[in-house]
Amino acid sequence: MNNAFQKDQAALLLEQVEKGRISRRRFTQAVAAMFAVPAGLGAKMSFAQARQLVLVNWGGDAMTAYDEAYGKPFQEETGIRVVEDGSGPTEGALRAQAQSGNVTWDVVDADPFSAIALGKEGVVQPIDYSIVDKSKFREGFGWEHATSAYFFSFVIAYNATKYETPPSSLADFFDVEKFPGNRAMYKWGVSSWEAALLADGVARDALYPLDIERAHAKLAAFKENVSVFWGGGAELQNALLTGEADMAIAWNTRAKVVEADTGGDVKYIWDDGLLQPASFAVMANNPGGTEPAMQLLAAMQVPERQLVMFEMLGQGPANPAADALIAEEDKRHNCVDPENMAKQIPLDMEWYAENYGAALDAYLSVISA
């Protein structure tokens, strides 16, 4: 579910560098001063057996951000090199490694719902919360087999030149009489189900378990208004920039870029936003060893390092202590800033762990019919 967003993070970083909004020099300077060792961490780092750890994400220029924010500081503190692998830790790839008996990955960027399912299968191992500090997570966002890594959101982006009164809810998104025009929605189901049910009158606190049949009935009646079912950030961004869509359920990271590119002609709101957590997991029988891998996860909790990921990629920090480090003018773009977070609904990872595959198959049938 998260891999499309992660791939888009790589593309987005490169785009921002090319536009001159982020310089590679600025990137290096920003992280040069953030190599503070977490309290007590250095004393625990005597892992002669671990010469390297392989951190697997979704590739592209995002690997540079992960290396600067996390890999290089960890190597300075411990002598353990963090090797970035951008081949993509899909559920299938993780299962294949476990079944082969030849595990080559250590820490993987996996959806919490995937980690929940894979943990039950023994593919990933339980997090050692004597090393990883659960108090440095936002409340409710830590799992047995995965640490809280970062956040992003699905938000309503809209053409501010077309609507005198902006939308304020997902009910407005579905109201084409009050807000005429074409819509864009996410191709892979996530957010579309929640949006349809909220627009159909389901209360926020009664959203889960999702009534998929009801959601699909709502979407089937609405889909003629959807000009784009987007699968990646560039496609979403193009739909908003060209006017192909007047309103979209969009990743907040792309909505921010479109707002800047249009000088505010396209805006976005946090109201009825759908907040998605991301996580890191550790492979069972990982070659670098359990304790070094857990120490890497602990080192990733340093607020200054998560600040770099926010500045470079727009990732909402997992550690709430990072919120205070974000510049005042940038707080409105932080999906987990307390003011923004209060307006949103977190996606239920336990529900997705049990139901995503079957729900997605049905969803794709509905939107393609």
Side-chain angles (χ1 to χ4, degrees), residues 1-9 12 58 88-92 109-118 141 143 146 148-157 170 173-174 183-200 202 204 207-216 218-220 222-223 226 228-237 239 245 247-255 268 270 272-279 314-316 335-336 341 344-368:
M1 181 170 72
N2 179 23
N3 58 351
F5 178 79
Q6 268 288 17
K7 290 175 182 177
D8 190 60
Q9 293 270 278
L12 188 58
W58 301 91
T90 64
E91 282 194 27
D109 187 341
D111 283 306
F113 87 90
S114 293
I116 291 169
L118 294 170
F141 293 101
W143 303 272
S148 184
Y150 58 89
F151 294 85
F152 60 96
S153 296
F154 293 89
V155 297
I156 299 172
L170 286 166
F173 182 86
F174 276 77
R183 305 294 198 259
M185 299 182 73
Y186 191 40
K187 180 179 179 179
W188 304 116
V190 185
S191 78
S192 296
W193 297 308
E194 289 86 353
L197 292 170
L198 290 165
D200 205 41
V202 175
R204 291 165 65 108
L207 192 55
Y208 294 96
L210 297 179
D211 185 337
I212 291 297
E213 289 189 8
R214 181 174 174 178
H216 287 170
K218 181 76 171 178
L219 289 164
F222 182 72
K223 69 177 184 178
V226 181
V228 179
F229 283 99
W230 57 273
E235 186 180 9
L236 160 68
Q237 189 168 330
M247 198 180 298
I249 296 176
W251 285 326
N252 68 292
T253 49
R254 282 288 174 173
Y268 71 98
W270 294 109
D272 274 0
L274 299 163
L275 182 69
Q276 180 164 342
S279 65
Q315 294 180 353
C335 64
V336 285
M341 195 171 179
Q344 300 179 73
I345 303 165
L347 300 182
D348 187 325
M349 293 294 98
E350 295 287 349
W351 184 89
Y352 275 95
E354 295 292 331
N355 299 285
Y356 181 58
L360 177 59
D361 290 342
Y363 173 79
L364 294 174
S365 295
V366 169
I367 66 173
S368 62

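Numbers here simply count residues along the sequence, with the first being 1. Remember, it's a predicted structure, so these values are computed and weren't measured experimentally.
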[atom1]-[atom2] distance between [X] and [Y], expressed to the nearest 0.5 angstrom:
X	Y	atom1	atom2	result
Q344	D272	CD	CG	9.5 Å
Y363	M185	OH	CE	5.5 Å
E194	L170	CD	CG	9.5 Å
Y352	L347	OH	CG	5.0 Å
W230	L236	CH2	CG	5.0 Å
W143	S148	CH2	OG	5.0 Å

Quickly, which of L198, L207, I212 forms a side-chain contact (heavy atoms from CB on, under 4.5 Å) with W193? Name it, please.
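When side-chain contact (heavy atoms from CB on, under 4.5 Å) is applied between W193 and each of L198, L207, I212, only I212 qualifies.
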Name the residue from F152, Y150, F141, F113 that meets the side-chain contact (heavy atoms from CB on, under 4.5 Å) definition with P277.
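Option passing the side-chain contact (heavy atoms from CB on, under 4.5 Å) with P277: F141.
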Under 6.0 Å between the ring centres of Y186 and W251?
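For Y186 and W251, the ring centres are under 6.0 Å apart.
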Listed partners of D200 passing salt bridge (Lys or Arg N to Asp or Glu O under 4.0 Å), at least two apart
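Applying salt bridge (Lys or Arg N to Asp or Glu O under 4.0 Å) to D200 gives R214, K218.
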Under the salt bridge (Lys or Arg N to Asp or Glu O under 4.0 Å) test, residues paired with E350 that sit two or more places apart:
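Salt bridge (Lys or Arg N to Asp or Glu O under 4.0 Å) check on E350 returns nothing, list empty.
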Can you see which heavy atom on [X] is nearest to which on [Y], and at what distance?
X	Y	answer
A195	I249	CB-CD1, 3.6 Å
V228	A239	CG2-CB, 4.0 Å
L275	C335	CD1-SG, 4.0 Å

